Amino acid sequence: MSSIFALADCNNFYVSCERVFNPKLIGKPVIVLSNNDGCVVARSEEAKSFGIKMGVPVFKIEDIIKANNILVYSSNYSLYGDMSQRVMNSLKEFVPKIEIYSIDEAFLDLSDFGNYDITKYCREIKKTVEKWTGIPISIGISSTKTLAKIANRIAKKSKKAKGVLDLTENTFHKQALESVGVSDVWGVGRSYSDFLTKSGINNAMQLRDADSNYIKQKMGIEGVRLINELKGTLCYSLEESPPPKKGITVSRSFKTPIKTIDNLSEAIANFISIGAGKLRKEKASSGEVSIFIMTSRFNKEGYYSKSKKYILAVPSNDTSELLSFALKSLREIFKKNCTYKRAGIMFGKIVSEKYVQQDLFDNKNRKRSKKLMETLDKINIKMGTSTIKYAAQGLSGNPGWKPACKRRSKRYTTDWNSLPEVIS
DNA sequence: TCTGGGGTCCTAGGACCC
DNA sequence: TCTGGGGTCCTAGGACCC
């Protein structure tokens with residue numbers, strides 16, 4: 001039996017989320033910015049029509065924003081995360097085998113639905129998700145994930161497809177693949193796109209028919225898989241349960257650069273606290289704590305970037321313990337007279353809490369530590385983040401390391417104080 | 001003035017072993 | 001003068017994704 005994959009993808013997801021709670025935004029040009037209000041990460045169709053590109057720094061398009069009354073929002077990840085869950089839960093009502101691929105995309109395994117009218121069924125899914133969540137989606141269908149991505153792309157753009165396109169039949173492949181530029185193929189980024197174009201390979205069809213030995217030299221095994229997937233040969237199967245995380249990173253750019261070790265320590269302490277909380281949520285411990293600090297990479301003279309890794313004798317998820325290693329590392333790599341623009345922490349060597357190897361000379365009271373962390377997490381979940389925190393995280397109400405998000409919408413779905421008001 | 005953040009996989013090359 | 005070869009493990013860096 002041949003496989004059938006669908007890719008369900010939310011249209012302009014972050015903008016669509018904002019619109020659900022603020023219908024006045026419908027029909028208007030809207031953009032959503034990255035953390036720190038740095039780059040554009042989502043655009044409504046109206047905003048796209050003004051030539052605003054994905055990922056462009058906002059300061060470069062201030063003129064376009066003003067001239068066209070484009071509405072600008074800081075990103076509101078708790079809202080988007082919650083809306084994402086609603087979309088995914090709705091999809092699960094229709095298809096049992098689903099892989100949540102990103103915050104706004106899911107692969108659906110429709111192989112068992114071969115007897116259905118797939119297009120009709122997907123239209124039904126689309127309609128229902130939109131009704132239940134308010135988020136518009138597009139669905140592309142084909143025999144491999146890579147082809148389903150392409151089908152989805154065309155489904156979004158083509159007026160005729162109206163958001164759903166079934167590209168399972170080979171007869172339509174030539175026309176479809178020729179219409180997709182090689183840089184828009186899943187797995188082809190800037191660098192490979194340059195290489196392919198220089199080799200005369202400009203669209204997905206030409207890539208499909210390219211010599212795979214030649215492609216392998218430059219793009220490695222992934223390039224060969226790509227060609228096979230375009231031909232309809234399965235290389236990537238559905239992954240229903242995500243593999244456990246291999247690393248956890250928490251990092252931020254600073255709106256106001258940091259000069260002192262005290263302020264940097266405060267930032268690092270907060271990153272450790274966030275990261276350790278993520279570890280405990282995964283019921284995992286880390287055996288390797290790294291920290292890194294850097295000045296701006298756009299400041300050519302005097303660019304300083306350094307990291308330091310600390311290997312733990314016994315993996316841990318205890319905030320205070322991880323914190324002490326991180327702050328020790330910071331004292332070792334901190335250099336005076338630098339203006340730091342960005343810093344972060346990484347937890348590596350992640351293992352399940354259950355399998356933590358005991359160290360014979362370990363003199364820490366692990367049971368007590370576990371209890372303390374459980375209590376801390378409980379209180380912070382109930383009362384709000386950072387109700388209880390370590391002194392090293394800083395007591396000032398408005399720390400300089402916090403990212404600027406001046407244009408954030410309310411946390412409509414995850415904060416009692418932000419429930420939408422009904423005005424009669 | 002102002003350029004996100006969190007991930008994954010693959011490969012090449014060095015260290016080390018016998 | 002002449003300095004093996006094959007295997008494994010680890011790491012850094014590059015490429016990609018959203």
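Protein chains get the first letters and strands the later ones, always in sequence-line order, with residue 1 at the start of each. Just so we're clear, the structure is a prediction, and the values are computed from it rather than from any experiment.
Applying the salt bridge (Lys or Arg N to Asp or Glu O under 4.0 Å) test between A/Asp9 and each of A/Lys126, A/Lys156, A/Arg153, A/Lys149 identifies A/Lys156 as the sole match. Just one residue in the list A/Lys48, A/Glu18, A/Arg43 forms a side-chain hydrogen bond (donor to acceptor under 3.5 Å, both in side chains) with A/Asn12, and that residue is A/Lys48.
Side-chain atoms of A/Ser199 and A/Tyr214 include a donor-acceptor pair closer than 3.5 Å. Between A/Thr260 and A/Asp262, the side chains place no donor N or O within less than 3.5 Å of an acceptor N or O (distance only, hydrogens not considered). In the model, A/Ser329 has no side-chain atom that pairs as donor or acceptor with a side-chain atom of A/Glu332 under 3.5 Å. Between the side chains of A/Asn11 and A/Ser138, a donor-acceptor pair is found at a separation under 3.5 Å. Counting only N and O atoms by type, the side chains of A/Ser74 and A/Asp37 include a donor and acceptor under 3.5 Å apart.
No contact: A/Val58 has no heavy atom under 4.0 Å from any strand. Within the nucleic acid shown, A/Glu62 has no heavy atom closer than 4.0 Å to any nucleic acid atom. Residue-level contact check: A/Val32 touches neither bases nor backbone, having no heavy atom under 4.0 Å from any strand. Residue A/Leu33 is out of contact with every strand shown, counting any heavy-atom pair closer than 4.0 Å.
Straight-line distance between the P atoms of B/dT3 and C/dC17: roughly 24 Å, to the nearest whole Å.
Nearer to the 5' terminus of DNA chain B, by closest-nucleotide assignment, is the contact made by A/Gly38 (compared with the other of A/Lys245 and A/Gly38). Heavy-atom distances to DNA chain B give each of A/Ser251 and A/Arg225 a nearest nucleotide, and the one nearer the 5′ end belongs to A/Ser251.
From the 5' end on, the contacts that DNA chain C makes with chain A at under 4.0 Å to a non-hydrogen atom open and close at C/dA15 to C/dC18.
Taking a pair as Watson-Crick or G-U wobble with both distances under 3.5 Å, the runs of three or more consecutive pairs in DNA chain B are B:5-18 with C:5-18.
Within residues 188-224 of chain A, the residues that have a heavy atom under 4.0 Å from DNA chain C are, in order of number, A/Val188, A/Gly189, A/Arg190, A/Ser191, A/Tyr192.
The aromatic ring centroids of A/Trp186 and A/Phe107 lie less than 6.0 Å from each other. Aromatic rings of A/Tyr340 and A/Phe334 (six-membered ring for Trp) have centroids within the 6.0 Å cut-off, being under it.
The shortest heavy-atom contact between A/Phe292 and A/Ser251 is CZ-CB, 3.7 Å.
A cation-pi geometry, defined here as NZ or CZ lying under 6.0 Å from the six-membered ring centre and within 45° of its normal, does not hold between A/Lys145 and A/Tyr236.
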